[in-house]
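Letters A, B, ... mirror the listed sequences (proteins, then strands); counts begin at 1.
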Amino acid sequence: MTRFIITRIIQGLVVLLAIYALTFVLVALTPGSPFSTERAIRPEILAQIEAFYGYDRPPLERFWTSLTNALQGEFGPSAVYANRSVTDIIGEAFPVSLMLGSISLIVALGIGIPAGIVAAVKRNTWLDYLPMSASMVGICLPTFVLGPILVLIFGIGLQILPVSGWGAPEFIILPAATLGLFYAAYFARLTRGGMLEMLNQDFVRTAQAKGVPQTTIVWKHCLKGGLIPAITFLGPALAGIIAGSFVVETIFQIPGLGQWFVKGALNRDDFLILGLTVLFAALIVMMNLLVDIIQVALNPRLKYEK
Amino acid sequence: MQSAASNPFRILIASLMLCLSLAACGERQRETDTAAQEGILLVGNGSEPKSIDPHLVTGVPENKIIQALIEGLIAYHPDDDTKPAPGVAESWEHNDDYTVWTFKLRDNAKWTNGDPVVAGDFVYSWQRILTPALGAEYAETLYVIENALAFHQGQIKDFSQVGVKALDDHTLEVRLKGPTPHFLLMLKHYSFYPVNRKVVEEFGGMADRQSGWSTVENYVGNGPFKIKEWNTNDFLEVERNPDYWDADKVALNGIRFFPIENLNTEFTAFQGGRLHVTNNTIPADRIPRLREENSEALRIDPYLGTYFYRLNVTRKPFDDPRVREALSLAIDRNLIVERVSQGGQTPATGFVPDGIPGYATADAVSYDPKRAKQLLAEAGYADGKGFPKAEILINTSENHRKIAEAIQAMWREKLGIDVGIFNQEWKVYLDSQSSLNYDISRSGWIADYVHPMTFLEIFTAGNGNNDTGWENAEYDGLIRQAQTARSEEARTNLMQQAEAILIKELPVVPIYWYTSPRLIDPRVKGWKPKLIDNRPYKYLSIASN
């Protein structure tokens, strides 16, 4: 197990380095600069600004400086937002995204997994059809449709929840629901599939024949194995929920990482793009590693295969 | 195992209970009501401010915040953008040819750190923005001052040779490089605003772009408000500055600026009671419904700007003035304004928008498909035959696309030519436009100050904003003469001649003149229609119900 983890960490670092290099090249090749504005800047002023941020250096040198700085945890200043460093920006926005992400994940798991279990156990009854149809709708409805619908109902129609913003607990409900329901739909379907597979196993039939109560079969014998598909999806879902919620953040005006992602790209804010990409990549790598470890713990068969 | 598995159920039950309890609480108090009672104005402000240092910013959202925090020599007039209002300067005079200006500074103007605002602060500030190493994008606006250009480009190292001098603590003398009667209007721009020497020097000095002076903790201003809180991407709040010289006139206790970029989110925020005023536009498709409902919140003010298409005259067939005129004549601008943009815009009849006092608007751009067809035939493309493949470049936006599609259809129908539409994301689009890598490019230009010159000077040869490849010696000569004309009358006359050339040659096809449609809470008082959207916040107030 230790060896497995160490290998995976080293692999992860190589992946991160490759992503860093690739992002740097892509950003450098993209037309447009962080300093281009609608009103033309005189060439001599532009030269001064570029010199300040080191853009007058050859690309290889810039890559090396930026990489060595990044290794020390310093991604440089934002080229667009004065006196804010990329580290400051991440430090400010990450907790917001983490908060929104965790609550959305609780919503997703809290609704998705019980719904999936119930649907599998009571298959082909209304307790199966109803949540599964709902989840189909959930998967098909993108967040940019679901979000405004929820706002319309709860914010403008009933006026019981704020339409956007951040700060107090009530501000989290609608965005977390928008983000969470989307993933809940996935978790419900994955859990149902996993549970059905388990419930069809021979040992379940044996247990039933021996008169073991249904609840014991579900909770004790099937749940562990039935959750594996859902847990596999947990890795990308976690990373996506935490870092990739920019649609929801835009709809609800939430000061999280997602907004910076879009702003960074649109502003050509090189250092910010690099910093955020690495952060997001590191999150995915970490979450996948975590999920792998959980899977091995849940499924002893995997231990022998590795 | 049992307890772990029942956890999700508990959370589900808990969240259901939360929903029920919320429903039981009933309607929530709207932020706009609470804020109105506290005398705080909630405004939508477009994008997140890039900085609040007046010498480093270039954008409109930043401008709106800086207006609250810093006051220049001249302030914005409450209802007339063509007039100066006293700011730090209580009076001023100029010599006969408008080249030497003397400002008398009031002696009760104070910085938020307690220092008096003195003439030396302006000398220091203008030296700062002109210091080459600072790399201030808007330093160019100060080139009107004698030797400012030479200092900024490094030919002069000694700032005392630049035409600004503190005669004493309360007298500032400014020498300009040529007669400039509208200098007072220019002074309203934030690039001329003062910064506090002490705090700038303390946090990195004059030439430091990453100076820490403009953070919430360190900020020193002299405006009617001072900064209170800044939560990135959430809001920036300013509160009343009790030490401001005219504090008695300030009615609001504070302003909260919300950086909401998405127009639909902002619209919903207004409906949902989070904003008193939206930023300078609302989604076009909402306007007809609002008009139908006779919404008292809808306000459509003029906005001094032109929406137009640039034609790349270095490419065929746009090098032929007949083709350019044909394209312009085939656009039914009334239809675009009424059916597509829908925000009460005015169909353009010239390049300089209507409404500038003393300047007769050109009436030369019109809709005449017959003549357009004829001109195109004269240029060798009868019924559009043989017209080269061309594309309209737009920056990614639903509204620009709709307008481009309408024009595409008009050209197809009236001229028989087929143009494509090509969208690029903002920064790429700017790049393509400035490197003349386009056929036809959607553009807009908003006035910096109320004067036709801000529209006309951009099409002189070598101007960084020309971006059409068009050059005309006669036009350049007229603009140069106008810039140094001794009377406003002569200047107007010269500018009108120049505009006539521009419209005859049409390197740019004017489409409409902007308006700023917005939603505004009826409780907000003192919000007057203005040509450029600059609000001196000290004249605004909000009724508590």
Side chain, backbone, both or neither: which part of B:S211 has a non-hydrogen atom closer than 4.5 Å to chain A?
backbone
Would you name the heavy atoms of B:L430 and A:S36 that are closest together and state the gap between them?
CD1-O, 3.8 Å
Cut-off 4.5 Å, heavy atoms of chain A, and the answer for B:P259 is both
Salt-bridge test for A:K263 and B:E261: reply yes if a basic N is under 4.0 Å from a carboxylate O, no otherwise.
yes
State, with a plain yes or no, whether a side-chain heavy atom of A:L266 is found less than 4.5 Å away from one of B:E425.
yes
Under a 4.5 Å heavy-atom cut-off, does chain A meet the side chain of B:D448, its backbone, both or neither?
side chain
Check whether B:Y138 gets within reach of chain A through its side chain, its backbone, both or neither, counting any heavy atom under 4.5 Å.
side chain
Side chain proximity check, B:Q210 to A:Y53, heavy atoms < 4.5 angstrom:
yes
Would you say the side chain of A:I41 lies within less than 4.5 Å of the side chain of B:E140, judging by non-hydrogen atoms?
no
Chain B heavy atoms under 4.5 Å from A:S78: which part of the residue, side chain, backbone, both or neither?
backbone
Could you look at A:A265 and say if it's the side chain, the backbone, both or neither that has a heavy atom under 4.5 Å from chain B?
backbone
Kindly give the heavy-atom pair with the smallest separation between A:P255 and B:D234, and that separation in Å.
CG-CB, 3.9 Å
Tell me which of these, B:E48, B:Q433, B:E266, B:E31, has more heavy-atom pairs under 4.5 Å with chain A than the rest.
B:E48
Please classify the contact between B:F270 and chain A as side chain, backbone, both or neither, with a heavy-atom cut-off of under 4.5 Å.
neither
Count the heavy atoms of every other residue, nucleotide or ligand shown that sit under 6.0 Å from CE of A:M99, and state whether that count exceeds 12.
no
Are B:R30 and A:Q159 packed together at the side-chain level, in the sense that at least one heavy-atom pair is separated by less than 4.5 angstrom?
yes
Closest-packed option against chain B by number of heavy-atom pairs under 4.5 Å, given A:P34, A:P162, A:G155:
A:P162
Of the listed B:D467, B:V57, B:T232, B:T268, the one with the largest count of heavy-atom pairs under 4.5 Å with chain A is B:T232
Side chains of B:T265 and A:Q253: do they bring a donor and an acceptor to under 3.5 Å?
no
Find the one option among B:V428, B:D431, B:N465 whose heavy-atom pairs under 4.5 Å with chain A are most numerous.
B:N465
Can you tell me which of B:Q271, B:Q153, B:R209 forms the most heavy-atom pairs within a distance under 4.5 Å of chain A?
B:R209
A:I49 CD1 to B:L56 CG distance, which is reported to the nearest 0.5 Å:
9.0 Å
Note, A:S33 side chain near B:K427 side chain (heavy atom, < 4.5 Å)
no
Verify, without hydrogens or angle tests, whether B:R274 (side chain) and A:S164 (backbone) share a donor-acceptor contact under 3.5 angstrom.
yes
Where does A:V80 contact chain B at under 4.5 Å (heavy atoms): side chain, backbone, both or neither?
both
A:N267 and B:K50: side-chain contact (heavy atoms from CB on, under 4.5 Å), yes or no, with the steps?
CA-CA 11 Å; A:N267 286 327; B:K50 294 186 172 132; 4.1 Å; yes
Heavy-atom check, side chain of B:N264 versus side chain of A:F144, under 4.5 Å
no
Below 4.5 Å, heavy atoms only, C-beta onward: do B:N233 and A:W166 meet side chain to side chain?
no
